[in-house]
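All values below come from the heavy atoms of this structure, side chains included, with hydrogens, waters and symmetry mates left out. If you're wondering where the values come from, they're calculated on a predicted model, not measured in any experiment. Within every chain, numbering begins at 1; the chains are lettered A, B, ... in the order of the sequence lines, protein sequences first and strands thereafter.
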There are 2 protein chains.
Amino acid sequence: VVEGVNVLVAALDAGAAIESVYVSPEGRSHAAVSDVVSNAHARGIRVHDLGAGVMERVADTVTPQGVCAVVGMLDVPLERALSAAIPLTPPTVPTAPTPPAPQPPVTGRTVLVCVDVRDPGNLGAVLRSADASGAEAVICCEGTVDPYNPKVVRASAGSLFHIPIVVSPDSLSTLAELSSAGFLRLGTSAHGGTDYVEVDFRSRVALVLGNEAAGLPDDVASAVDGMVVVPMYGRAESLNVAMAATVLCFEAARQRRRARSPLQ
Amino acid sequence: VVEGVNVLVAALDAGAAIESVYVSPEGRSHAAVSDVVSNAHARGIRVHDLGAGVMERVADTVTPQGVCAVVGMLDVPLERALSAAIPLTPPTVPTAPTPPAPQPPVTGRTVLVCVDVRDPGNLGAVLRSADASGAEAVICCEGTVDPYNPKVVRASAGSLFHIPIVVSPDSLSTLAELSSAGFLRLGTSAHGGTDYVEVDFRSRVALVLGNEAAGLPDDVASAVDGMVVVPMYGRAESLNVAMAATVLCFEAARQRRRARSPLQ
């Protein structure tokens with residue numbers, strides 16, 4: 001279930017399998033809601049009008065925006081997410097002073113593996129950073145909050161519909177498959193490991209994110225190829241898992257762009 | 001007012017001017033609360049026991065942790081924040097394989113300027129990223145949520161006590177002062193500008209962050225020396241202001257470390 005105008009627009013834009021749309025009387029009176037409902041109707045999606053007060057009872061949000069929808073599951077099998085067939089769209093710099101140079105094929109690939117990431121806001125932000133940085137996929141393993149949790153859907157700001165998501169209950173078998181597919185598997189840690197700027201993200205790298213409080217379970221920490229750390233300055237304790245994922249994803253993106261650029 | 005054990009520990013560790021501590025009967029029964037209360041008492045800070053149910057009525061959090069404190073204001077004048085006297089602690093990599101090389105003096109300085117950043121969670125995350133990346137100061141200008149808002153205090157995870165904060169109502173005069181102090185002033189934008197990896201963060205750079213929805217006001221956008229953008233991949237719309245600040249702050253930290261390293 002997705003709630004609100006912006007997420008529904010993202011779902012429509014991404015061509016997600018929207019089963020039905022529900023709109024409240026208050027929603028009908030808003031232009032943005034009307035537009036998205038008309039758009040859905042025009043695509044042959046069934047639109048149901050709800051009676052007054054019904055949306056408030058069924059919605060997860062405290063102040064629902066008057067529209068919600070039931071959307072088909074989005075997650076894909078691991079093999080499909082890891083196939084090299086997914087094209088990486090070049091980054092968008094709308095008013096860059098010089099046009100981008102012709103770009104050789106990209107070989108670097110980054111996937112994120114979440115193990116026991118519990119907070120829906122954090123998983124939503126991980127999806128958003130992964131999407132915005134051009135990562136290949138996000139794999140949700142045991143203990144991780146359901147990517148279809150309404151709070152995850154909202155926090156992802158539409159990225160749920162943009163990046164391949166894999167729901168893979170067993171992290172150890174997932175790590176084995178990633179190794180077979182040529183991925184260097186690096187656990188993230190607040191307590192030590194290779195400085196993340198020393199990691200070569202022009203190759204295939206799987207970043208394994210752990211629980212907000214406890215980090216990675218011992219068996220997962222033993223199964224990865226190494227640990228990676230974002231060095232902290234000052235007296236800050238650590239970044240949260242979403243902030244660390246953001247830093248790592250954009251360093252990967254920086255290195256891939258640099259590898260493509262003839263100037264650097 | 002700071003609420004909860006972890007934030008109070010951070011305030012004590014940072015030597016903040018704690019005026020008084022308040023503890024509930026439930027708080028007294030928790031070991032972590034007892035420890036921090038004893039610690040405060042040992043430093044001559046007045047500790048007040050609250051009656052049953054009082055903390056729940058006065059606290060901002062839904063489930064208060066049984067302890068809160070009144071702490072003196074932390075913000076400093078702009079001139080003091082910009083003085084070169086603040087030493088930058090080298091990054092901590094607890095189990096790095098090789099010891100760090102001797103480091104020449106650091107000249108790069110990064111400050112963040114928030115204009116109309118409304119969401120307390122975002123400002124808290126900006127403080128946390130600025131602190132963790134070794135930035136010099138965070139300047140809160142007009143329209144920005146009060147850094148002493150309880151939600152900001154919580155979201156900053158103690159960083160409020162670590163990094164110099166300046167409350168400076170007038171962004172235009174602040175930008176003028178930053179220019180006089182040798183800072184290149186770059187507005188952040190989702191719509192175009194210089195790619196952030198092309199910015200030389202080994203010099204003095206002020207990153208100007210704007211409102212979550214509207215970006216920078218026109219007069220501020222006209223007053224900066226240029227705009228900086230984090231290029232987006234795929235179909236992601238944009239990063240939120242806290243995520244963008246995280247990416248920018250850690251790119252600055254990466255460049256400063258690289259400038260210090262004899263190997264690169």
Q) Are B/Arg254 and A/Arg254 close enough that some pair of their side-chain heavy atoms sits under 4.5 Å apart? A) yes
Q) So, for B/Met243 and A/Ala125, which heavy atoms are closest and what is the spacing to 0.1 Å? A) CE-O, 3.6 Å
Q: Determine, stepwise, if the pair B/Arg257 / A/Tyr233 fulfils side chain to side chain donor-acceptor pair (under 3.5 Å).
A: CA-CA 11 Å; B/Arg257 279 191 287 150; A/Tyr233 289 74; 3.3 Å; yes
(Q) Tell me which one of A/Leu248, A/Val197, A/Val230, A/Thr246 satisfies side chain to side chain contact (heavy atoms under 4.5 Å, CB included) with B/Phe250. (A) A/Val230
Q.
As an exercise, state the distance from CD of A/Glu251 to CD of B/Glu251, rounded to the nearest 0.5 Å.
A. 7.0 Å
**Q.** A/Met232 CE to B/Asp131 CG distance, which is reported to the nearest 0.5 Å
**A.** 9.5 Å
Q: Select one option (side chain, backbone, both, neither) describing which atoms of B/Ala242 are under 4.5 Å from chain A's heavy atoms.
A: neither
